[in-house]
Novice: 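Dropping the structure in here first, questions after.
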Number of protein chains: 2
Amino acid sequence: MKILVIEDERKLGRFIKQGLEQNGHVADLTHSGSEGLDQLAGGLYDLVLLDLMLPGQTGFEVLKNLRAFGLTVPVMILSALSDPATVVQGLDLGAVDYLRKPFDFDELLARIRILQRRTTTSDNVVLRVADLEMRLISHEVIKGGISLNLTNREFALLELLLRRAGQLITKNEIAEKVWSADYDMGSNVIEVHIYQLRKKLDASGIAGLIETQVGRGYRLKTP
Amino acid sequence: MKILVIEDERKLGRFIKQGLEQNGHVADLTHSGSEGLDQLAGGLYDLVLLDLMLPGQTGFEVLKNLRAFGLTVPVMILSALSDPATVVQGLDLGAVDYLRKPFDFDELLARIRILQRRTTTSDNVVLRVADLEMRLISHEVIKGGISLNLTNREFALLELLLRRAGQLITKNEIAEKVWSADYDMGSNVIEVHIYQLRKKLDASGIAGLIETQVGRGYRLKTP
DNA sequence: CTTCGATAACCAGAATTTTCATGAAAAACG
DNA sequence: CGTTTTTCATGAAAATTCTGGTTATCGAAG
């Protein structure tokens with residue numbers, strides 16, 4: 001998951017970021033609400049961990065502004081404020097969870113897993129290799145925040161390679177899965193599409209991802 | 001919501017049941033795991049509140065059996081066991097939340113509201129993206145104070161796009177959801193309506209909100 | 001290490017598919 | 001009925017996919 005941590009206390013923030021990253025998440029850290037909103041505006045976070053006591057805008061204000069802006073990203077509140085009234089307020093403002101500080105890190109991870117379970121109903125919704133991300137539902141391919149504009153064929157082709165990253169995919173298999181049964185052997189469509197795809201990947205700064213195995217097929221290199 | 005409370009301590013159970021009912025829920029109470037499973041097997045519950053320390057089967061066992069039985073009803077654990085390891089175990093077994101006893105009743109209600117929010121999307125009476133606001137109840141679409149005059153079809157179409165803003169909506173899905181089952185493949189009604197809708201949005205100064213994904217469908221751009 | 005046939009990369013349009021845009025017909029509504 | 005909304009039909013425009021040819025690269029045999 002790509003997670004934004006909004007926490008003004010530097011040491012704690014770094015600790016959380018590090019812990020998340022050690023557990024396979026991608027985490028960014030900001031120290032104030034307005035900074036956080038800017039980051040989120042650029043989009044593409046799966047979760048926000050929000051402290052309530054922030055300088056300037058309070059966490060609640062951040063949450064409100066977020067929603068007013070039309071962002072639907074899930075927000076989990078982490079706060080030392082533990083009185084029920086505050087918890088209720090936070091949850092009713094649209095937070096998906098409220099974890100009292102000090103919290104156990106494993107519990108945080110477990111609660112994040114719940115969200116994951118919920119958002120990515122079947123785990124094959126997002127394919128990832130290096131910093132290339134393919135979202136099957138929204139039909140987007142994203143590299144470093146910018147989405148590259150693939151055609152249907154290119155998308156299907158990359159999906160096949162991505163699903164079996166590291167493995168050799170024969171041309172026969174590509175023909176079968178990306179083109180329908182009525183595939184004209186003796187055409188060079190596959191090569192041409194590989195070429196187009198590579199060109200678009202190159203333009204996004206991901207060169208050499210697709211490897212050619214002469215006489216056999218193609219393989220997507222894993223890092 | 002229809003809620004099943006599995007709690008062996010009679011007094012606490014009655015208290016919870018009563019509190020839920022006073023807040024508009026329908027609550028049933030059982031005192032053991034096996035009883036609870038029987039109830040759930042027959043039933044249409046929206047939520048289970050599960051104590052962990054039960055006579056006979058423990059709460060965890062109940063949870064496991066429940067899932068083994070194919071029931072997907074959300075379970076919220078209420079327990080005096082507050083150590084992180086137990087919490088994590090509970091969450092990883094598939095509980096949607098874990099509330100430590102003693103708990104504040106308002107917090108319980110708020111956490112139930114979260115689940116409600118999630119399952120019944122319909123209570124989302126106002127959809128918003130950027131400065132465009134759709135009020136489902138009054139059937140209005142407003143941009144900067146002025147409401148744009150959409151027809152029913154246009155409204156339904158925009159609603160679908162808005163509900164899943166940022167995601168690709170395929171034409172099949174549009175046909176299914178905005179037109180009924182009897183839609184004629186090979187007609188261009190969808191395109192025409194997208195065109196009309198775009199024209200009205202443009203006229204209100206919101207150009208380029210609906211993105212077309214050639215060969216797939218449409219997508220409402222989030223800021 | 002060189003040569004040669006096979007294979008793939010690359011490129012420029014042509015062919016095809018999909019979407020846009022529009023006016024007019026049909027249907028629904030009051 | 002007259003008005004509004006929805007659908008149909010159509011050609012233009014845009015995007016995608018495919019084709020055919022040339023050049024580059026690979027890999028085995030000499």
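Protein chains get the first letters and strands the later ones, always in sequence-line order, with residue 1 at the start of each.
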Novice: Can you find a heavy atom in the side chain of A/D51 that is under 4.5 Å from one in the side chain of A/L78?
Specialist: no

Novice: Hydrogens and angles aside, do B/Y45 and B/Q39 bring a side-chain donor and acceptor to less than 3.5 Å of each other?
Specialist: yes

Novice: All N/O contacts under 3.5 Å from nucleotides 3-7 of chain C to the protein, with atom names and distances to one decimal?
Specialist:
| residue | atom | partner | partner atom | Å |
| --- | --- | --- | --- | --- |
| C/dT7 | O3' | A/G215 | N | 3.4 |

Novice: Return no unless some side-chain N or O of A/T212 is found under 4.0 Å from OP1 or OP2 of C/dA9.
Specialist: yes

Novice: Using whole Å, report how far CG of B/N172 lies from C1' of C/dT18.
Specialist: 15 Å

Novice: What is the nucleic acid contact for B/F155, judged by heavy atoms within less than 4.0 Å: base, sugar-phosphate only, or nothing?
Specialist: nothing

Novice: State whether the side chain of A/R67 and the backbone N or O of A/L93 hold a donor-acceptor pair below 3.5 Å, judged by distance alone.
Specialist: no

Novice: Of B/Q196 and A/H193, whose closest DNA chain D nucleotide lies nearer the 5' terminus?
Specialist: B/Q196

Novice: Salt bridge or not between A/E159 and A/R164? Use side-chain N to carboxylate O under 4.0 Å.
Specialist: no

Novice: CG of B/N152 versus P of D/dT5: gap in Å, rounded?
Specialist: 9 Å

Novice: Using a 4.5 Å cut-off on heavy atoms from C-beta on, say whether the side chain of A/L49 contacts that of A/L108.
Specialist: yes

Novice: Protein-nucleotides 19-24 of chain D N/O pairs closer than 3.5 Å?
Specialist:
| residue | atom | partner | partner atom | Å |
| --- | --- | --- | --- | --- |
| D/dT19 | OP2 | A/S187 | OG | 3.3 |
| D/dG20 | O6 | A/N188 | ND2 | 3.1 |
| D/dG21 | O6 | A/N188 | ND2 | 3.2 |

Novice: Provide, to the nearest angstrom, the distance between the CH2 atom belonging to B/W179 and the C1' atom belonging to D/dT5.
Specialist: 12 Å

Novice: Just to confirm, is there a sub-4.0 Å distance from OP1 or OP2 of C/dA21 to any side-chain nitrogen or oxygen of B/R198?
Specialist: no

Novice: Looking at A/D97 and A/R111, is there a salt bridge between them, counting it only when a charged N and a carboxylate O are closer than 4.0 Å?
Specialist: yes

Novice: By the side chain to side chain donor-acceptor pair (under 3.5 Å) test, which pairs, at least two apart or in different chains, include something from residues 189-203 of chain B?
Specialist: B/E154-B/K200, B/K171-B/E191

Novice: Are any non-hydrogen side-chain atoms of A/K143 and A/I206 less than 4.5 angstrom apart?
Specialist: yes

Novice: Taking the side chain of B/Y195 as heavy atoms from C-beta outward, which of C/dC20, C/dA9, C/dA21 is closest to it?
Specialist: C/dA21

Novice: D/dT6 P sits how many Å from B/K199 NZ, rounded?
Specialist: 14 Å

Novice: Rounded to whole angstroms, how far apart are CD1 on A/I210 and P on C/dA8?
Specialist: 14 Å

Novice: Quick one: salt bridge (Lys or Arg N to Asp or Glu O under 4.0 Å) partners of A/R128, sequence neighbours excluded?
Specialist: A/E133

Novice: When the axes are fitted on five pairs at both termini, how much does the helix from C/dC1-D/dG30 to C/dG30-D/dC1 curve, in 10° steps?
Specialist: 40°

Novice: With sequence neighbours excluded, what pairs up with A/E61 under the side-chain hydrogen bond (donor to acceptor under 3.5 Å, both in side chains) test?
Specialist: none

Novice: Salt-bridged, A/E140 to B/R219, with N to O below 4.0 Å?
Specialist: yes

Novice: Would you kindly give the CG-to-P distance between B/L148 and D/dT5, to the nearest whole Å?
Specialist: 13 Å

Novice: Measure from CD on A/E211 to C1' on C/dA9 and round the result to the nearest Å.
Specialist: 16 Å

Novice: Give a yes or no on whether the backbone of A/S32 and the side-chain of A/D8 come within a donor-acceptor separation of less than 3.5 Å.
Specialist: no

Novice: Under 4.0 Å: is that the gap between some side-chain N or O of B/T151 and OP1 or OP2 of D/dT6?
Specialist: yes

Novice: Between atom CG in A/L157 and atom C1' in D/dT17, what is the gap in whole Å?
Specialist: 13 Å

